Amino acid sequence: MNYKDMTSIKTDIVAIDLAQKSGPYEWWRHTIGHGGINSKPLPERVIQGSRAFKPRLLRTFIQEFFNVYPEHGRFDWSKLDPYMDALHQTGANVVAAITIKPPVLYPEINHSIWRPNNIEEWQQVIYELVNRYSVEKQIVTYWEIGNETDIGEHGGSPYLIQDVVDYMEFYRFTIEPIRKAFPSAKIGGPAIANFKDKLLFDFIDECHRTQTQLDFISWHLYDDDPERHKSNVISAKRHLAQFGDNQPEMLVTEWSKSFDRVSYEELAHQPRRAAATAASIMAMMEAGLDWSFYYHVWDQSFNPKEFEAFYKELPIMIEHWNEGPHRFGLFGVEGEVRPQYFVYTMLSQMDGEQIKAESTNLDLRVNAVTRDDQTAVLISNFNVIQSADTIAITKFQNLTAGPKQLQIYRIDNHRSWSTENLELVPVESRDVDLIDHYPFRLQTLCPADSVTLIILKNL
């Protein structure tokens with residue numbers, strides 16, 4: 001937009017009241033995921049960039065290309081160890097989806113074959129896998145059974161299990177060795193691609209009916225619409241009510257924006273992606289989701305040779321990650337930072353108690369927090385169809401009096417950040433002095449498809 005001409009921009013009211021608190025703002029429940037495309041460990045730049053916002057959990061899926069069980073009775077951790085270690089170096093524990101398919105147990109490459117030729121040997125493999133990464137290395141705390149089994153290879157993993165009876169059998173004989181190796185493991189699934197698929201709710205019902213361990217349910221969604229993310233959470237919560245006070249957690253173990261019909265590098269750097277990300281996180285928080293895992297932290301290229309021993313539909317993966325890559329990553333293939341990375345650095349400034357925040361414009365999603373030393377307001381200006389520029393007149397009620405430093409950060413087309421240091425640069429910074437019993441008003445430009453962070457820090 002042309003910032004020189006402000007006469008035609010509309011204004012909207014954002015109301016913040018520090019006296020109305022609603023408990024801790026647990027933004028950290030919305031974290032990152034990675035994996036499934038190749039076996040390369042996270043590079044140091046991505047590790048350090050992720051550590052900056054202190055993720056508590058990180059989700060990955062353990063693919064067959066790590067080749068942990070190359071032949072009967074022999075384990076090889078040489079590929080998977082550095083991969084898992086790099087994930088753990090972000091500071092996060094790991095949610096690991098089991099998608100391995102050792103050829104000695106699955107000699108035919110066919111995603112519809114889900115039962116191994118030797119269940120006892122499969123269980124020994126799972127026992128050793130869990131012992132390695134939950135006991136010896138203490139990296140994985142959640143184990144997810146499968147990945148997008150409702151669509152099989154089209155979801156990037158070699159299992160197609162569409163019937164709940166089949167999935168329950170696979171689930172039961174897989175979780176048995178997990179529990180044996182690591183009794184405190186959190187276990188769940190089905191990491192479904194289509195939330196409305198019958199398998200998800202049938203699985204929940206069957207676990208409840210048979211009293212099968214279910215610590216969490218999981219699903220995926222790639223959609224720009226924050227309301228879709230929110231409605232899925234509400235529907236899942238309603239269905240889990242049958243568990244009473246012992247409801248399983250809800251994990252969206254993969255989510256991102258909608259798939260683009262075209263793909264070119266400039267799209268990956270548009271702030272609209274960041275605005276959609278922030279809006280969706282706020283929507284999922286409002287609905288009460290336990291954890292979400294943005295997919296993904298680092299873009300990668302696809303290596304067909306790593307897949308050919310267990311995967312048939314190689315052209316699908318080539319199309320998705322080499323020919324027209326989705327460019328979802330917080331970091332690009334070469335480590336270039338993307339705008340949506342800074343959504344998470346903004347969220348990391350939102351520690352404190354959540355306070356009342358309202359907007360007269362539904363496109364302006366607003367969250368606000370306060371703590372002893374500062375108050376922070378996060379605003380996403382996003383509309384699924386077309387966003388519009390606005391000036392937010394933010395009114396603060398019940399701020400403490402005295403001198404404060406005002407800083408405003410924004411994710412927009414002006415790219416006000418350091419690509420080298422991975423830090424936002426304030427678009428405005430000044431001192432203000434407040435008096436008792438007098439609301440503080442602030443005018444902030446919120447361009448279409450932008451994310452704004454306002455911080456008032458006590459001096």
Side-chain angles (χ1 to χ4, degrees), residues 1-16 30 222-230 255-286 294 326-328 330 337-347 349-350 357-368 376-395 407-417 419 424-428 441-455:
M1 64 175 294
N2 182 2
Y3 292 172
K4 293 181 180 180
D5 181 12
M6 299 291 162
T7 57
S8 62
I9 299 180
K10 66 173 184 174
T11 60
D12 293 292
I13 304 298
V14 172
I16 311 296
H30 300 271
Y222 290 83
D223 200 286
D224 288 341
D225 189 352
E227 291 303 315
R228 279 203 64 197
H229 291 279
K230 180 178 177 179
W255 77 275
S256 196
K257 68 176 303 297
S258 301
F259 295 122
D260 290 312
R261 285 179 288 181
V262 295
S263 177
Y264 51 89
E265 180 60 16
E266 288 76 8
L267 276 178
H269 294 277
Q270 291 184 352
R272 181 169 174 81
R273 296 189 173 201
T277 299
S280 295
I281 288 173
M282 285 191 266
M284 288 186 284
M285 290 186 74
E286 184 179 340
Y294 178 87
H326 297 298
R327 309 178 200 269
F328 290 138
L330 303 185
V337 69
R338 303 267 176 71
Q340 53 268 34
Y341 168 82
F342 294 104
V343 171
Y344 289 90
T345 64
M346 284 182 170
L347 284 167
Q349 297 295 311
M350 295 284 288
E358 295 179 326
S359 169
T360 56
N361 182 349
L362 294 179
D363 291 347
L364 293 185
R365 289 184 183 264
V366 185
N367 283 181
V377 180
L378 183 69
I379 305 173
S380 173
N381 182 6
F382 177 77
N383 182 285
V384 177
I385 306 301
Q386 185 173 353
S387 307
D389 301 329
T390 187
I391 295 173
I393 301 176
T394 305
K395 297 182 178 181
Q407 289 186 314
I408 299 176
Y409 301 88
R410 190 163 54 232
I411 303 171
D412 64 6
N413 283 318
H414 284 243
R415 301 188 186 183
S416 299
W417 53 75
T419 57
L424 287 160
V425 176
V427 296
E428 182 176 358
R441 294 175 177 84
L442 174 69
Q443 295 183 16
T444 308
L445 178 65
C446 294
D449 297 326
S450 68
V451 189
T452 300
L453 175 67
I454 302 169
I455 295 178

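Just so we're clear, the structure is a prediction, and the values are computed from it rather than from any experiment. Just so it is clear, the values below take in all heavy atoms, side chains as well, and ignore hydrogens, waters and symmetry mates. In what follows, residues are counted from 1 in the order of the sequence shown.
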Next on the checklist: salt bridge (Lys or Arg N to Asp or Glu O under 4.0 Å), that's the test. Do R365 and E227 meet it? Break it down for me.
Outcome noted: CA-CA 12 Å; R365 289 184 183 264; E227 291 303 315; 2.4 Å; yes
Checklist entry - Just by modelled atom types, is the H30 backbone N or O under 3.5 Å from a matching donor or acceptor in the Y344 side chain? => result no
Checklist entry - Parallel, tilted or perpendicular: which describes the rings of F259 and Y222, with under 30° parallel and over 60° perpendicular? => result parallel
Item to check | Minimum side-chain heavy-atom gap P447-R410 below 4.5 Å | outcome: yes
Checklist entry - Does the side chain to side chain contact (heavy atoms under 4.5 Å, CB included) test come out yes or no for H269 and R338, once each step is laid out? => result CA-CA 6 Å; H269 294 277; R338 303 267 176 71; 4.0 Å; yes
Checklist entry - Taking the side chain as C-beta and beyond, is there a heavy-atom pair between M350 and L453 under 4.5 Å? => result yes
Checklist entry - In Å and rounded to the nearest 0.5 Å, what is the OG1 to CD distance from T444 to E428? => result 7.0 Å
Item to check | Check: T277 and W255 side chains under 4.5 Å, non-hydrogen atoms | outcome: yes
Next on the checklist: Using 0.5 Å steps for rounding, measure from the CG atom of D224 to the CZ atom of R273.
Outcome noted: 9.0 Å
Item to check | Over all atoms of both residues, closest heavy-atom pair of V377 and I379 | outcome: CG1-CG1, 3.9 Å
Item to check | CD (E265) with more than 12 external heavy atoms under 6.0 Å | outcome: yes
Item to check | Non-hydrogen side-chain atoms of I411 and W417 separated by less than 4.5 Å | outcome: yes
Next on the checklist: When you compare the side chain of Q443 with that of I393, does any pair of heavy atoms fall below 4.5 Å?
Outcome noted: yes
Checklist entry - Where do S359 and V366 come nearest, in terms of heavy atoms and distance? => result CB-CG2, 4.0 Å
Next on the checklist: Between Q340 and K257, is the side chain to side chain contact (heavy atoms under 4.5 Å, CB included) condition met? List the steps.
Outcome noted: CA-CA 11 Å; Q340 53 268 34; K257 68 176 303 297; over 6 Å; no
Checklist entry - If you measure from CG on D225 to OG on S280, what distance do you get to the nearest 0.5 Å? => result 7.5 Å
Next on the checklist: How long is the straight-line distance from CG of L445 back to CD1 of I391, given to the nearest 0.5 Å?
Outcome noted: 6.0 Å
Item to check | Heavy-atom pair of closest approach, residues T390 and I9 | outcome: CA-CG2, 3.5 Å
Checklist entry - Would a distance-only check, ignoring hydrogens and angles, find a side-chain to backbone donor-acceptor pair under 3.5 Å from T452 to C446? => result no
Checklist outcome for this item: Smallest heavy-atom separation, I455 atom then Y409 atom, equals CD1-CE1, 4.2 Å
Next on the checklist: Just verifying a value: how many Å separate Q407 CD and L424 CG, rounded to the nearest 0.5 Å?
Outcome noted: 10.5 Å
Checklist entry - Are any non-hydrogen side-chain atoms of I454 and T394 less than 4.5 angstrom apart? => result yes
Next on the checklist: Please determine whether side chain to side chain contact (heavy atoms under 4.5 Å, CB included) holds for the pair V451 and F342, giving the CA-CA distance in whole Å, both sets of side-chain angles, and the decisive distance to 0.1 Å.
Outcome noted: CA-CA 9 Å; V451 189; F342 294 104; over 6 Å; no
Item to check | Test item: N361 and K10 side chains (from C-beta on) under 4.5 Å apart, heavy atoms | outcome: yes
Checklist outcome for this item: Tightest non-hydrogen contact, residues R327 and A268, listed as CB-CB, 3.8 Å
Item to check | Distance-only side-chain donor-acceptor flag, S387 / D449, under 3.5 Å | outcome: yes
Item to check | Distance-minimising heavy-atom pair for V427 and S416 | outcome: CG1-OG, 3.6 Å
Checklist entry - Do V384 and P226 come within less than 4.5 Å of each other through their side chains, counting heavy atoms only? => result yes
